[in-house]
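Accompanying notes for the structure given below.
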Amino acid sequence: MKIIEAPAGWPADEATARAVQDELRGKVVLDEAGPTPGNGVVTGVDVAYDDERDVVVAAAVVLDARSLDVVEKTTAVGRISFPYVPGLLAFREIPTVLAALESLNTDPGLVVCDGYGLAHPRRFGLASHLGVLTGLPVIGVAKNPFTFTYEQPGERRGSTAALVADDSHGRETVGRALRTQDGVKPVFVSVGHRVTLDAACAHTLHLSPRYRLPETTRHADALCRQALKDISRTLEDPSRKGPRIQ
DNA sequence: GCGACAG
DNA sequence: ATCTTGTCGC
């Protein structure tokens with residue numbers, strides 16, 4: 001089992017990481033509509049951590065965009081490459097997420113990740129960072145609010161409300177709170193790279209026919225969590241081979 | 001200085 | 001993110 005390490009030159013402190021974001025922000029492409037919802041494939045990525053063993057597991061799950069059936073899934077194991085700092089999440093998980101995406105045999109199509117893209121203090125969250133590094137269209141679907149204000153969207157599925165940032169970059173709409181099911185807490189959608197906000201919301205809704213979270217993140221979440229359990233067990237007892245039940 | 005803050 | 005039992009509801 002190969003363990004992904006942070007590449008040479010990976011930021012080691014917060015100031016350097018922020019400088020990297022300021023540098024790469026200019027490479028984000030915002031004038032492309034992106035893939036059409038319901039066509040081709042869409043890939044969900046997510047990670048699970050074992051801080052005790054300094055390990056992060058990333059999962060990438062490719063779904064048929066029409067049927068939402070799983071087409072392919074992969075995982076990658078890495079060393080945690082940065083501490084958790086709000087606004088610098090990408091530096092913690094990107095090396096391992098990239099490894100998982102690169103090990104796919106299928107073209108990922110649109111990538112859906114947990115967290116934010118433009119809705120970020122420097123307008124360069126995980127979804128944008130992943131997009132710039134891979135060149136793929138990426139959107140961010142977060143479960144919790146971050147640094148912006150918003151009104152509560154209507155109670156029905158499909159209702160939205162603007163996420164408004166008011167900071168050093170000015171006052172602007174950076175995403176949308178989107179109700180994916182009647183009466184449930186909204187998810188927070190933002191553009192990552194090469195996708196429009198309208199398209200990002202349309203994809204999110206299409207990917208959430210039954211539950212609050214998109215099927216992409218549900219699959220990716222379940223996969224990386226299971227993989228982390230298996231790997232953590234192996235690391236603590238190398239004599240044991242395959243995964244054990246429970 | 002204080003509070004808030006994706007995963 | 002992760003730690004964790006029961007519990008309310010369809």
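Here is the naming used below: chain letters follow the sequence lines, and residue numbers restart at 1 for every chain. All values below come from the heavy atoms of this structure, side chains included, with hydrogens, waters and symmetry mates left out.
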Taking 5.5 Å and 30° as the limits, would you call A/F146 and the base of B/dA6 a stacked pair? yes
Hey, does [X] reach any base, or is it just sugar-phosphate, or nothing, if we go heavy atoms under 4.0 Å?
{"X": "A/I80", "result": "nothing"}
{"X": "A/P121", "result": "nothing"}
{"X": "A/G140", "result": "nothing"}
{"X": "A/A48", "result": "sugar-phosphate"}

Over how many whole Å does the gap from [X] atom [atom1] to [N] atom [atom2] extend?
{"X": "A/Y150", "N": "B/dA6", "atom1": "OH", "atom2": "P", "value": "12 Å"}
{"X": "A/R212", "N": "C/dC10", "atom1": "CZ", "atom2": "P", "value": "20 Å"}
{"X": "A/L163", "N": "B/dA6", "atom1": "CG", "atom2": "C1'", "value": "12 Å"}
{"X": "A/D54", "N": "C/dT2", "atom1": "CG", "atom2": "P", "value": "15 Å"}
{"X": "A/R92", "N": "C/dT2", "atom1": "CZ", "atom2": "C1'", "value": "11 Å"}
{"X": "A/D166", "N": "B/dA4", "atom1": "CG", "atom2": "P", "value": "19 Å"}
{"X": "A/L130", "N": "B/dA6", "atom1": "CG", "atom2": "P", "value": "19 Å"}
{"X": "A/D114", "N": "B/dC5", "atom1": "CG", "atom2": "C1'", "value": "17 Å"}

Taking the minimum atom-to-atom distance to the side chain of [X], which one of [options] wins?
{"X": "A/Y116", "options": "B/dA6, C/dT2, B/dG7", "value": "B/dA6"}
{"X": "A/L126", "options": "C/dT2, B/dG7, B/dA6", "value": "B/dA6"}
{"X": "A/P86", "options": "B/dG7, C/dT2, B/dC5", "value": "B/dC5"}
{"X": "A/L228", "options": "B/dA6, C/dT2, B/dG7", "value": "C/dT2"}
{"X": "A/R225", "options": "C/dT2, B/dC5, B/dA6", "value": "C/dT2"}

Can you check whether A/G87's main-chain N or O pairs, donor with acceptor, with A/H120's side chain at less than 3.5 Å? yes
Tell me if a side-chain donor or acceptor on A/E215 pairs with a main-chain N or O of A/G44 at a distance below 3.5 Å.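 A pair under 3.5 Å: no.
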Above 12 or not: heavy atoms from other molecules or residues under 6.0 Å from CZ of A/R225? no
Using the rule given for side-chain hydrogen bond (donor to acceptor under 3.5 Å, both in side chains), can you reason through A/R212 versus A/Q181, listing the C-alpha separation, both sets of side-chain angles and the distance that settles it, and then say yes or no? CA-CA 6 Å; A/R212 174 183 176 237; A/Q181 297 295 321; over 6 Å; no
Between A/N144 and B/dG7, does any side-chain N or O lie under 4.0 Å from OP1 or OP2? yes
Using a cut-off of strictly less than 4.0 Å, decide whether A/Y84 has a side-chain nitrogen or oxygen near OP1 or OP2 of B/dA6. yes
Aromatic plane relationship, A/F188 with A/F148 - under 30° parallel, 30 to 60° tilted, over 60° perpendicular: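 Ring orientation, 0 to 90° scale: tilted.
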